[in-house]
Amino acid sequence: MALRLFDSLSRELRELKPSHPDGIFRFYNCGPTVYAPAHIGNFRTFIINDVIRRLLELELGPAHVRHVRNLTDVDDKTIKRAQEEGRSLAEVTRQWTDKFHADCAALNCLPPHVEPAATAHIREQIDMIACLVEKGNAYRAADGSVYFKVSSFDDYGRLSRVKERQLDPGTSLAGKPQAADADEKEDASDFALWKAHKPDDGENAWASPWGRGRPGWHIECSAMSKKHLGDTIDLHTGGEDLLFPHHENEIAQSECCNGVPFARHWYHSKHLLVNGAKMSKSLGNLYTLDDLVAKGFSPMAIRYALLMGHPRKQLNFTLDSLHAAERALATLRAYRATLPATGITENVFAPVQAALDDDLNTPAALGALFTIVNRRELQADAGSFDRVMTALGLKLDAPVATKSEIPTAILALAEKRWAAKLAKDYATADALRKELTAAGWSMLDRKDGYSLEPSKQ
RNA sequence: GGCGCGGUAGCCAAGUGGUAAGGCCGAGGUCUGCAAAACCUCUAUGCGUCGGUUCAAUUCCGACCCGCGCCUCCA
């Protein structure tokens, strides 16, 4: 069964297929800007892309998928952060790249095959800008910046339908100042390919044919996808916010330079809402992975919760839904334990796979999964169950606090209670359980011992 | 103002022109010193409002109300 996915450009469901003779599917996913910890909205996008990657590998075989996801390690935000902290840009971006990798691993996202960083591809970006200047699609402004001339590309705006958009005075946009470099541009819609060095940039500048400076944001994806995947890629993805201007600009740069179609398929996932509103620090509803782990939730429950909504629909993330995810995983864990290892030939989980193949309908897939789980008369084996869990990227390892994380005072209480229980002194045992609960710990009795878990907040 | 999306049980959330998946919560039960876990049963005459089309609409059409996103560097 082949994966059908909505294409943002043609606005229809289309099957994903490799187009190159080598049969390798070329997949480019816009990655993070590494200047701070990623939040769960970022991770929704990366998890959705991880499921796409997994489905492609399931269908085509792991050797036939090439997944590239970039790291934006030079831009206004990374530079600003480095300047504020008095550290080098490389130091700051290294720190947040490592954190991003750790978070991805905790969320069970497969690492991309190539993870190119913008600062490691300055040469390629300069080459591409030079190509655009030479072809008349770009021009150097007086200050040494280079801009893409939007009017030189007839097809500009096809992805975002920008020609149908109008800016009307008296609206939210009217008060916004134009970019500081607006005066240098020939037209307000032109965008920077190369930004001339400014005092604020500190040491973060590279030599170029147009003078010292740094690449604009959009050019890195055009240059790096060209280098690592070729002139035409099979799938290009990102969050909905990237559709315009980022992806529109990438198309303009790549197609003007390369002279061939840039991406055969575009896919954009919708943003996450938290408690019904866009995440923002001022609303206090912006969560990082660490924020939620600190509240006692497991990374796998976070992944599950982020898959509970359709990727092309805004998902309202709440702590309640995270709790629901945690419980749902526990049920799956218990179900998994009842399954024989192998031996069932019929794949009862086919409806789950079918839902995923149908435009990545993860909530329908989870629904189908539980429908099967609830019908115990259906014969399933662990192998087929594991395959569908692998497609979703859900791991069922029991999250248990390790001994070392438990305060000794808590351990002592637990030991006393266990002794009281063995002595059948239930009054004392119950009193000690209450003390543990008050201290924020749950004591789970088993036949031959006990375990301690932090209570959920 | 332009472009686009959505309003389905207490919460999250699929879906279809033919009479509402699933998860959580809640209620009852089995089991267990207690607690937890596990398992079983139940839980929307209803799908924003009002019209229209139709034998039949939550699903199609229209109007309206409400919410959300994007509109030049936010996944």
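Quick note on labels: first sequence line is chain A, next is B, and so on, each numbered from 1. Predicted model, so just to flag it, every value in this text is computed and none were measured.
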message: Considering every strand and a 4.0 Å limit on heavy-atom distances, what is the contact class for A:Leu315: base, sugar-phosphate, or nothing?
response: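 A:Leu315: backbone/sugar contact only, no base atoms under 4.0 Å.
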- request: Pick base, sugar-phosphate or nothing for A:His39, based on heavy-atom distances below 4.0 Å to the nucleic acid.
  value: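 Answer is base: heavy atoms of A:His39 come under 4.0 Å of a base.
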Measure distances between side-chain N and O atoms of [X] and base N and O atoms of [N], and say whether any donor-acceptor pair falls under 3.5 Å.
{"X": "A:Lys278", "N": "B:C68", "answer": "no"}
{"X": "A:Arg433", "N": "B:C34", "answer": "yes"}
{"X": "A:Asp430", "N": "B:G33", "answer": "yes"}
{"X": "A:Asp445", "N": "B:C34", "answer": "yes"}

Atom pair distance, as rounded to whole Å: [atom1] in [X] and [atom2] in [N]:
{"X": "A:Asn316", "N": "B:C12", "atom1": "CG", "atom2": "C1'", "answer": "8 Å"}
{"X": "A:Leu273", "N": "B:C11", "atom1": "CG", "atom2": "C1'", "answer": "15 Å"}
{"X": "A:Glu377", "N": "B:C39", "atom1": "CD", "atom2": "P", "answer": "15 Å"}
{"X": "A:Met308", "N": "B:C11", "atom1": "CE", "atom2": "C1'", "answer": "9 Å"}
{"X": "A:Leu332", "N": "B:G22", "atom1": "CG", "atom2": "P", "answer": "15 Å"}
{"X": "A:Trp266", "N": "B:C70", "atom1": "CH2", "atom2": "C1'", "answer": "16 Å"}
{"X": "A:Tyr335", "N": "B:C40", "atom1": "OH", "atom2": "C1'", "answer": "17 Å"}
{"X": "A:Leu319", "N": "B:C11", "atom1": "CG", "atom2": "P", "answer": "16 Å"}

Would you call the rings of [X] and [Y] parallel, tilted or perpendicular if under 30° counts as parallel and over 60° as perpendicular?
{"X": "A:Tyr156", "Y": "A:Phe244", "value": "perpendicular"}
{"X": "A:His236", "Y": "A:His247", "value": "perpendicular"}
{"X": "A:Tyr139", "Y": "A:Tyr147", "value": "tilted"}

- prompt: Is A:His271 stacked on the base of B:A75, meaning ring centres closer than 5.5 Å and planes within 30 degrees of each other?
  reply: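 Answer is yes, a stack.
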- prompt: If we require ring centres under 5.5 Å and near-parallel planes under 30°, does A:Tyr426 stack on B:G33?
  reply: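 Here the ring of A:Tyr426 and the base of B:G33 are stacked, with centres under 5.5 Å and planes under 30°.
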With respect to the phosphate group of [N], does any side-chain polar atom (N or O) of [X] fall under 4.0 Å of OP1 or OP2?
{"X": "A:Arg312", "N": "B:C5", "answer": "no"}
{"X": "A:Lys313", "N": "B:A14", "answer": "yes"}
{"X": "A:Asn374", "N": "B:A21", "answer": "no"}
{"X": "A:Lys77", "N": "B:C74", "answer": "yes"}
{"X": "A:Thr331", "N": "B:C24", "answer": "yes"}

Pairing of A:Asp359 and A:Arg312 as salt bridge, 4.0 angstrom limit: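 A salt bridge is present here (some side-chain N lies under 4.0 Å from a carboxylate O).
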- request: Consider the side chain of A:Asp241, meaning its heavy atoms from C-beta on, and name the nucleotide among B:C5, B:A75, B:C25 that approaches it most closely.
  value: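 Output: B:A75.
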message: Nearest to the A:Ala324 side chain among B:C5, B:C24, B:G22, which nucleotide is it?
response: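 The nucleotide sitting nearest to the side chain is B:C24.
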Output a table of donor-acceptor pairs, distance under 3.5 Å, between side-chain atoms of residues 429-436 of chain A and any protein atom two or more places apart or on a different chain; print 'none' if there are none.
{"from": "A:Arg433", "atom 1": "NH1", "to": "A:Met443", "atom 2": "O", "distance (Å)": "2.9"}

- prompt: Quick one: stems for RNA chain B, with Watson-Crick or G-U pairs under 3.5 Å, at least three in a row?
  reply: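 Stem list for RNA chain B: B:1-7 with B:65-71, B:10-12 with B:22-24, B:26-30 with B:38-42, B:48-52 with B:60-64.
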